[in-house]
Asks: 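Right, I'll just put the structure down here and ask away after.
Note that the coordinates shown come from a computational prediction; the quantities given were computed from them, not determined experimentally.
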Amino acid sequence: MSRRSTPRQAYRFPLPGHALISAWREGYGLAEFRRDLMAGLTIGIVAVPLSMALAIATGVPPQHGLYTAIVAGAIIALTGGSRFNVSGPTAAFVVILFPIVASHGIGGLLLATLMAGLILVTLGLARLGSLIQFVPYPVVLGFTAGIAVVIALLQLPDFLGLAEIELDDSTPHNMATIALALPTLAPAELGVGLATLAALILWPRIKLPVPAPLAGLVVGTLVSLAIHPLGVEVDTIASRFHWEFQGRSGDGIPPFAPSLVMPWHLPGPDGVPLTVNFALIRELMGPALAIAMLAAIESLLCAVVADGLTRTRHDPNAELLGQGLGNIVAPFFGGITATAALARTATNIRSGAATPIAAVVHALVVLLAVVALAGILGLVPMAALAALLFVIAWNMSEARHFIHTLKSAPLSDVAILVICFLLTVIFDMVLAVAVGVGLAAALFIRRMAELTHTRRLDTRNGDLAHQLPREVALYDVNGPLFFGAAEKAIASLRVIDPDIKVVLLDMHDVPSLDATAIVALQTLVEELRAQHVGLIFIGMPARMVMKLRRAGLYRESGRIAVVRHLDHASRLATQWLAARDD
């Protein structure tokens with residue numbers, strides 16, 4: 001059979017800023033700008049407390065979360081592929097970033113973020129934006145629910161006002177440490193936390209145009225200020241964090257815009273600047289890969305949800321490229337890992353955003369808050385931020401979907417969900433995702449293998465279009481022949497009736513053929529040759545024929561042949577039998 005040449009599709013690089021350019025081409029006027037301005041103001045107000053809380057949960061000072069929203073939020077909006085994604089620090093990264101800070105300091109975290117950005121740019125340029133399709137839903141739900149549990153656990157010391165305790169990346173150790181420290185519980189801290197939590201839960205029911213995170217932190221701050229004259233001290237951002245910048249120092253958040261800094265000049269775990277060498281890069285490569293994979297999954301999931309809410313289409317490759325550029329630049333301004341945040345994106349859409357300009361406005365609002373309101377932000381109690389993270393963790397857990405999946409999903413999917421959840425809580429998310437995807441792939445292979453089968457067709461029942469000689473056996477092969485199914489499908493062909501002299505294999509329903517299947521077919525050909533039995537392939541596509549030829553299986557008169565239709569195979573088999581009789 002001749003091999004038909006098909007023209008190769010020209011490679012097209014993803015276009016940075018695809019979302020912004022497409023929105024501009026559709027027309028951008030004063031009305032759209034007003035919508036973006038109002039939406040940006042709203043999500044900027046929401047982003048300020050969230051960015052601080054998530055930075056603290058990661059183990060770094062709160063200004064680094066704000067710098068992330070400012071720098072990465074603007075760059076990703078301008079260069080990404082989704083019109084409505086709003087990027088910044090997110091809760092999903094806490095379980096990955098917290099151990100990096102503990103092991104390598106903030107300098108190591110920024111360097112790992114830079115490396116993750118380079119990986120994301122590579123994924124975008126390689127047009128791997130369909131990556132999200134290969135992560136099963138039970139895996140995503142399992143590790144997000146596990147992350148929510150870990151985040152909530154890490155906030156308990158601040159919420160309960162426990163005496164200073166050291167937490168690490170081991171959940172069992174942290175649970176034991178917190179349990180032993182419970183006698184040091186501070187009623188004032190707990191009261192502030194409960195007041196904030198109540199405000200966060202009840203505020204949305206009032207339906208006032210003030211974001212619940214802002215209202216909750218205001219309530220918590222007012223409660224802490226009210227009890228201060230009574231001589232009750234509550235731990236705040238200003239009492240917990242201190243800064244030094246160009247000979248100046250202070251408490252809380254530095255009232256300056258993010259400035260250029262080399263990530264490796266920031267302190268490592270021992271408080272001194274990092275020494276960048278091959279050993280450090282090798283140690284950070286695993287965490288950087290984990291950051292990149294989670295950032296890709298998180299941002300693309302967010303873009304898909306945004307498309308569903310707005311009936312638009314994003315460019316996944318451009319989105320990966322934008323996420324990568326944001327994470328490359330942000331570390332040079334003190335920003336930590338960023339990705340699209342579903343809560344902020346949904347708020348952006350509900351607020352009437354029209355283009356990525358809304359996310360840029362959001363970054364400018366956060367910048368203004370840092371420069372003008374740093375002193376006020378320093379008054380926010382740590383217990384109030386812990387309460388905010390409790391709400392974030394609860395929303396992230398998707399408890400209703402988790403329970404529904406446990407009740408309604410197939411047993412294999414339930415097992416993957418539970419395993420991913422437990423591995424995330426007990427060990428880490430990287431292991432959970434790796435094991436979860438591996439298990440899902442194994443189950444998929446098993447299910448596909450069950451669909452692949454070979455059966456012998458009875459030519460004497462009159463249903464076939466051609467009546468074949470008794471010395472000819474016709475087998476129908478169905479399903480892909482790959483490493484999980486090839487041996488099983490071909491094994492039935494090895495038991496050949498001694499009276500059979502020619503075997504016909506109907507390959508019309510075989511969509512693919514891998515190396516394992518080719519080896520199995522080679523073995524079958526050798527066995528049939530030893531038994532002096534001919535083999536004719538029917539309906540095999542040209543690309544599969546070329547694979548067999550490259551493997552050394554050529555047409556051989558009376559032994560091997562490839563034809564398109566059953567009638568041709570029938571005539572050829574009859575000729576082979578006649579030639580043998582002669």
Side-chain angles (χ1 to χ4, degrees), residues 47-74 88-89 94 97-114 157-158 164-167 217 221 224 233-276 280 284 327-338 363-386:
V48 170
L50 291 180
S51 299
M52 293 191 302
L54 292 169
I56 293 171
T58 300
V60 301
Q63 64 266 26
H64 292 284
L66 296 170
Y67 296 163
T68 307
I70 295 169
V71 180
V94 171
L97 306 188
F98 186 83
I100 298 175
V101 175
S103 303
H104 302 283
I106 187 171
L109 172 58
L110 298 192
L111 190 57
T113 299
L114 173 61
D158 285 337
E164 292 188 7
I165 57 178
E166 292 292 332
L167 300 181
L217 293 190
T221 303
S224 69
E233 296 290 338
V234 175
D235 198 12
T236 64
I237 290 178
S239 65
R240 175 76 64 87
F241 299 99
H242 309 279
W243 56 266
E244 294 182 3
F245 181 75
Q246 295 181 351
R248 301 173 61 181
S249 62
D251 298 330
I253 297 172
F256 311 110
S259 57
L260 185 64
V261 60
M262 298 298 106
W264 45 88
H265 289 170
L266 293 175
D270 52 2
V272 300
L274 290 173
T275 299
V276 180
L280 178 62
L284 292 176
N327 282 284
I328 289 173
V329 177
F332 288 97
F333 292 88
I336 59 176
T337 306
L364 295 176
V365 171
V366 178
L367 175 61
L368 180 62
V370 170
V371 175
L373 303 176
I376 296 176
L377 295 177
L379 299 176
V380 176
M382 299 302 297
L385 290 173

Asks: Heavy-atom distance under 4.5 Å between the side chains of V366 and L66, does that happen here?
Replies: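 Of all side-chain heavy-atom pairs linking L66 with V366, at least one is under 4.5 Å.
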Asks: Would you check if M382 and I237 make a side-chain contact, meaning some heavy-atom pair closer than 4.5 Å?
Replies: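 Counting from C-beta outward, M382 and I237 do come under 4.5 Å.
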Asks: Find the distance between CG (L217) and CG (L379) and round it off to the nearest 0.5 Å.
Replies: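 The distance works out to 12.0 Å.
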Asks: So how far is it from H242 NE2 to I253 CD1, rounded to the nearest 0.5 Å?
Replies: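 Atom-to-atom, H242:NE2 and I253:CD1 are 13.0 Å apart.
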Asks: For P381 and V234, work out which heavy atoms get closest and say how close.
Replies: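 Looking at all heavy atoms of both residues, the shortest contact is CB-CG1, 3.9 Å.
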Asks: Please list all pairs passing the salt bridge (charged side-chain N to carboxylate O under 4.0 Å, His left out) test where one or both residues lie in residues 238-258, with sequence neighbours left out.
Replies: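 Of all non-adjacent pairs touching residues 238-258, those that pass salt bridge (charged side-chain N to carboxylate O under 4.0 Å, His left out) are D158-R240, D235-R240.
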Asks: Got a sec, which residues hit ring-ring contact (aromatic ring centres under 6.0 Å, His included) with F245, two or more places apart in sequence or on another chain?
Replies: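 Expected list: F256.
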Asks: Out of curiosity, L280 CG to W264 CH2, how far, rounded to the nearest 0.5 Å?
Replies: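 The CH2 atom of W264 is 11.5 Å from CG of L280, to the nearest 0.5 Å.
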Asks: Would you list the atom pairs, donor with acceptor, under 3.5 Å between side chains in residues 328-337 and any protein atom, with sequence neighbours excluded?
Replies:
from, atom 1, to, atom 2, distance (Å)
T337, OG1, T113, OG1, 2.8

Asks: Which heavy atom of I100 sits nearest a heavy atom of A112, and at what distance?
Replies: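 For I100 versus A112, the nearest heavy atoms are CD1-CB, 4.4 Å.
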Asks: Nearest heavy-atom pair of G108 and L284: which atoms, and what distance?
Replies: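 Minimum heavy-atom separation between G108 and L284: O-CD1, 3.8 Å.
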Asks: Which residues satisfy the side chain to side chain contact (heavy atoms under 4.5 Å, CB included) test with I376, sequence neighbours excluded?
Replies: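 Expected list: L373.
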Asks: Would you check if L367 and P258 make a side-chain contact, meaning some heavy-atom pair closer than 4.5 Å?
Replies: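 Yes, at least one pair of side-chain atoms sits under 4.5 Å.
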Asks: Check side chain to side chain contact (heavy atoms under 4.5 Å, CB included) between P99 and all other residues, then give those that pass, not counting sequence neighbours.
Replies: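 P99: side chain to side chain contact (heavy atoms under 4.5 Å, CB included) contacts with D169.
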Asks: Would you mind reporting whether V101 and I106 have side-chain heavy atoms less than 4.5 Å apart?
Replies: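 No, too far: nothing below the 4.5 Å cut-off.
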Asks: Measure the CD-CD1 distance between Q63 and I70 for me, rounded to the nearest 0.5 Å.
Replies: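 That separation rounds to 10.5 Å.
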Asks: Check L109, L110, L274 against P263 for a side chain to side chain contact (heavy atoms under 4.5 Å, CB included) and give me the one that passes.
Replies: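 Option passing the side chain to side chain contact (heavy atoms under 4.5 Å, CB included) with P263: L110.
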Asks: Going by the rule side chain to side chain contact (heavy atoms under 4.5 Å, CB included), which residues pair with A383 if we only count those two or more places apart in sequence or in a different chain?
Replies: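 Counting only residues at least two positions away or on another chain, A383 forms a side chain to side chain contact (heavy atoms under 4.5 Å, CB included) with E189, V192.
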Asks: For residues P255 and V370, determine if any side-chain heavy atom of one lies less than 4.5 Å from a side-chain heavy atom of the other.
Replies: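 A side-chain contact is absent here, since even the closest heavy-atom pair is not under 4.5 Å.
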Asks: Show me, pair by pair, the donor-acceptor contacts under 3.5 angstrom made by side chains of residues 49-62, not counting sequence neighbours?
Replies:
from, atom 1, to, atom 2, distance (Å)
S51, OG, A47, O, 2.7
T58, OG1, L54, O, 2.8

